[in-house]
Amino acid sequence: MADTDFDLIVIGSGPGGYVAAIRAAQLGLKTACVESRETLGGTCLNVGCIPSKALLHASELFEEANHGTLAKWGVNVGKVSLDLDAMHAGRREAVDGLTGGIEFLFKKNKVEWLKGHAKFTGKDAILVAGKSYRARNYVIATGSSVTPLKGVEIDQERIVDSTGALELAKVPGHLVVIGGGVIGLELGSVWRRLGAKVTVVEFLDQILPGMDGEVRKDAARIFKKQGFEIRTSTKVTGAVAGKKGVTLTVEPAKGGDAETIEADMVLVSIGRRPNTNGLDLDKAGIKTNKQGQIEVDHDFRTGVAGIYAIGDVTPGPMLAHKAEDEGIAVAEILAGQIGIVNHEVIPSVVYTYPEIAAVGKTEEEAKAEGHEVKTGKFPMLANSRAKTNRDTDGFVKVVADARTDRVLGVHIIASVAGTMIAQAAQAMEFGATSEDIAYTCHAHPSHSEALKEAAMAVTGKPIHI
Ligand code: FAD
Ligand code: NAI
């Protein structure tokens, strides 16, 4: 083997790529990972999950102190003021710590970082920074980036994408968010808590597509109560950025009279698209589908021998933990082991307040697939811990198969829904019935008891309502 030869080259160091590289090295494969960014960790650690959660956490603390919530508990903090620079420094510290941590793990596990942009020169060779490398196997984990919107040019000054929205130097007076999905609601929440008026313009008739119908409805009610203005069934047809702000032109999604909205800043968050540009996939013989994704089989094979793909660049939910689990599985397959990801059980969490979490099928999906379903719902208002903590917005909903009682999906709006959903995912992974969850002893007083009671409600027997 020449110096430049590896058992495995992973392209991209996001949660899919870096995890695949580390696991492969742990299993004895000579592994390299190509990354063109200055730091490792991909979208997630650099400009995604981590910095957004840092700002969500910090802005939640600010809102609690600023809106008198603490005073209601007898905690008086005096006049509250915002030091946005310090908040951004906290965000950067979180990112630096975690991206540096991946570099440390690469060194510890002897994964070689090939710095630069990779492109295929054939089925078994790539070029990085002018140098050619070969490997027995490749894993493409190049992730995704922001989907642009025609007529609304992102300048990262007045019209920003999620990366720009993480770095605003001051709180905008009026922020218009285009797209009522996960990014729009999370980053919209950050800037609303810090003082911005936030208007969400959503093309569809409801926010949060893909979520359970009852969740979408209740989430919209809660966000409106918090002060979000939500304009559904509305499309943006153009944006003109000036020195002072942006004039957006909108019209009904189905067509109709146009009107304008004046904004200080605009966030474009209408989805993400796979990164395949500049990879020269054609030289490796790999084709992309209509969405630009690389299709793979159950074992992450692309159809070209020795080339695999995982994470956001492939079909499925664009989530860090989905990419990570695929990274572990593909490395185990390449090391001759069995690697499996159960794509039926991938939890998702929207880190707003309250949090919104889901795993498995929505009631609508289950019915559309022909299941006869039974559902059980339990409001957080009747959960003793939520009531004590005064965080009573939301509910837990369990969707079960009416014939077998097997849990098909769990949907939660609650302050700690992101933590609660882990139990539901594990139960589903073990093939639980709603009865299994209902008869599992849950600690009291805890928000998780609401999941137990929702499971009890599937057969009509909750205690506390
Ligand atoms: P990525 O993380 O996108 O990494 C791909 C890497 O490959 C990049 O670093 C890129 O520079 C590199 N690359 C691309 N092409 C090449 C090339 N040719 N040569 C060399 N390097 C290349 N998901 C969650 O689960 N939870 C969250 O809370 C969450 N929050 C998010 C918040 C925001 C604002 C955004 C934008 C996304 C968020 N996501 C979240 C989604 C999550 O970031 C992605 O699903 C995840 O990062 C996908 O991982 P990946 O490994 O497939 O790709
Ligand atoms: P998204 O797919 O969640 O939401 C995009 C929204 O924009 C949808 O509601 C869609 O109907 C709407 N839309 C599309 N075109 C539009 C138009 N022209 N005008 C108005 N609305 C339009 O995408 P988003 O929020 O950009 O996030 C991208 C991905 O990043 C998500 O798929 C998610 O998987 C991931 N992510 C995950 C997070 C988490 O797990 N907490 C946090 C942030 C992002």
Side-chain angles (χ1 to χ4, degrees), residues 10-20 33-53 55-56 99 114-120 126 128-129 139-147 149-152 161-163 165-166 177-188 200-211 216 231-237 250 253 267-281 309-314 316-324 326-327 346-352 355-357 418:
V10 180
I11 306 175
S13 75
Y18 86 72
V19 166
C33 181
V34 194
E35 175 55 61
S36 53
R37 270 179 215 274
E38 297 288 305
T39 46
L40 300 170
T43 304
C44 174
L45 270 61
N46 287 283
V47 291
C49 324
I50 297 305
S52 61
K53 264 80 259 179
L55 288 186
L56 278 158
T99 54
L114 307 178
K115 295 186 184 181
H117 182 92
K119 55 179 167 185
F120 283 95
I126 59 166
V128 181
V139 172
I140 303 172
T142 48
S144 64
S145 38
V146 175
T147 304
L149 177 59
K150 210 170 147 225
V152 185
D161 59 15
S162 57
T163 303
L166 289 167
V177 172
I178 308 178
V182 196
I183 291 181
L185 293 167
E186 286 189 0
L187 294 181
V200 175
V201 180
E202 166 59 50
F203 184 81
L204 299 174
D205 61 352
Q206 282 195 72
I207 57 169
L208 291 171
M211 290 263 173
R216 295 173 78 181
R231 300 192 54 174
T232 49
S233 305
T234 305
K235 66 179 171 196
V236 174
T237 51
V250 299
L267 163 60
V268 180
S269 49
I270 59 161
R272 294 178 60 82
R273 60 182 186 183
N275 288 333
T276 52
N277 266 358
L279 261 178
D280 286 354
L281 287 179
I310 58 169
D312 279 13
V313 78
T314 62
M318 290 183 162
L319 295 171
H321 41 280
K322 178 240 184 203
E324 282 187 54
E326 291 179 346
I346 307 273
S348 66
V349 182
V350 187
Y351 293 89
T352 47
E355 293 175 346
I356 304 167

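The basis for the numbers below is simple: all heavy atoms, side chains too, and nothing from hydrogens, waters or symmetry mates. Each ligand, and each atom within it, is numbered from 1 in the order the structure gives.
The closest donor-acceptor contact from the side chain of R273 to the backbone of T147 lies at 3.5 Å or more, if one exists at all. Of the possible polar contacts, none joining the T99 side chain to the L40 backbone as a donor-acceptor pair under 3.5 Å is found. R216 contributes a side-chain N or O that, together with a main-chain N or O of I207, makes up a donor-acceptor pair within less than 3.5 Å. Checked by atom type and distance alone, the side chain of T232 never pairs as donor or acceptor with a backbone atom of F203 at under 3.5 Å. At least one donor-acceptor pair closer than 3.5 Å links the side chain of E186 to the backbone N or O of Y351. E326 places no side-chain N or O within 3.5 Å of a backbone atom of I310 that could act as its donor or acceptor partner.
Residue contacts with ligand 2: L319 is placed with no nitrogen or oxygen under 3.5 Å of a nitrogen or oxygen of the ligand (distance criterion only). For ligand 1, the polar-atom distance check finds no N/O of S162 at less than 3.5 Å from any of the ligand's N/O atoms. Between G12 and ligand 1, no N or O atom pair is found at a separation short of 3.5 Å. Looking at T43 next to ligand 1, an N or O pair under 3.5 Å apart turns up. In terms of polar-atom proximity, A118 is counted as a contact of ligand 1, with an N or O under 3.5 Å from an N or O of the ligand.
Using 4.0 Å as the threshold, G278 has no heavy atom nearer than that to any atom of ligand 1. Residue-ligand proximity: V47 is placed with a non-hydrogen atom under 4.0 Å from ligand 1. Ligand 2 lies within reach of E202, whose nearest heavy atom is under 4.0 Å from it. For the ligand labelled ligand 2, residue G180 lies inside the 4.0 Å heavy-atom shell. Remark: distances from the non-hydrogen atoms of K119 to ligand 1 are all 4.0 Å or more. Residue contacts with ligand 1 include G116, since one or more of its heavy atoms lies under 4.0 Å from the ligand.
Distances below 4.0 Å separate heavy atoms of S144 from the following atoms of ligand 1: 3 (O). With ligand atoms numbered from 1 in the order given, ligand 2 contributes 28 (C), 29 (C), 30 (O) to contacts under 4.0 Å with heavy atoms of R272. Taking every non-hydrogen atom of I11 and a distance limit under 4.0 Å, the qualifying atoms of ligand 1 come out as 17 (C), 19 (N). Counting atoms of ligand 1 from 1 in the listed order, those under 4.0 Å from a heavy atom of P15 are 2 (O), 46 (C), 47 (O), 49 (O), 51 (O). Within ligand 1, counting atoms from 1 as listed, the ones closer than 4.0 Å to a heavy atom of C44 are 2 (O), 43 (O), 47 (O). Distances below 4.0 Å separate heavy atoms of R272 from the following atoms of ligand 1: 36 (C). Against a heavy-atom cut-off of under 4.0 Å, Y351 is close to the following atoms of ligand 2: 41 (N). For ligand 1 and G16, the ligand atoms under 4.0 Å from any heavy atom of the residue are 51 (O). The A141 neighbourhood of ligand 1 comprises atoms 5 (C), 7 (O), with distances under 4.0 Å to a heavy atom of that residue. Interface atoms of ligand 1 facing S52, defined by a heavy-atom separation under 4.0 Å, are 32 (C). Contact atoms of ligand 2 toward E186: 39 (C), 41 (N), 42 (C) (distance under 4.0 Å to a heavy atom of the residue). Of all the atoms in ligand 2, the ones that sit under 4.0 Å from a non-hydrogen atom of V201 are 20 (C), 21 (N). For ligand 2, the atoms sitting less than 4.0 Å from at least one non-hydrogen atom of P209 are 8 (C), 9 (O), numbered in the order shown with element in parentheses. Atoms of ligand 2 lying under 4.0 Å from at least one heavy atom of V349, given by number and element, are 39 (C), 40 (O), 41 (N).
Looking at K235 against ligand 2, nothing comes within 4.0 Å, counting heavy atoms. With a 4.0 Å heavy-atom cut-off, ligand 1 is reached by the backbone of A320 and by its side chain too. Here S145 has no heavy atoms under 4.0 Å from ligand 1, in either its backbone or its side chain.
Here the heavy atom of the protein found nearest to atom 6 (C) of ligand 1 is E35 OE1, 3.5 Å. Scanning the protein for heavy atoms near atom 37 (C) of ligand 1, the closest one is G48 CA, 4.0 Å. What sits closest to atom 28 (O) of ligand 1 on the protein, heavy atoms only, is K53 NZ, 2.6 Å. Among all protein heavy atoms, the one lying closest to atom 22 (C) of ligand 1 is S36 OG, 3.8 Å. The protein heavy atom nearest to atom 29 (C) of ligand 1 is C49 SG, 3.3 Å. From the protein, the heavy atom lying nearest to atom 14 (C) of ligand 1 is T142 O, 3.4 Å. If you check which protein heavy atom lies closest to atom 41 (C) of ligand 1, you get M318 O, 3.6 Å. Atom 52 (O) of ligand 1 has D312 N, 2.9 Å as its closest protein atom, hydrogens excluded (heavy atom only). When only non-hydrogen protein atoms are considered, atom 7 (O) of ligand 2 lies nearest to G179 CA, 3.2 Å.
Scanning all heavy atoms of the two residues, the minimum distance from N275 to L279 falls at O-CD1, 4.1 Å.
Ranked by closest heavy atom to atom 6 (C) of ligand 2, the top entry among G181, A357, P347, S233 is G181.
A side-chain donor-acceptor contact under 3.5 Å links T39 and N46.
Checking each of V10, I11, V34 against L114 for a side chain to side chain contact (heavy atoms under 4.5 Å, CB included) leaves exactly one that passes, namely V34.
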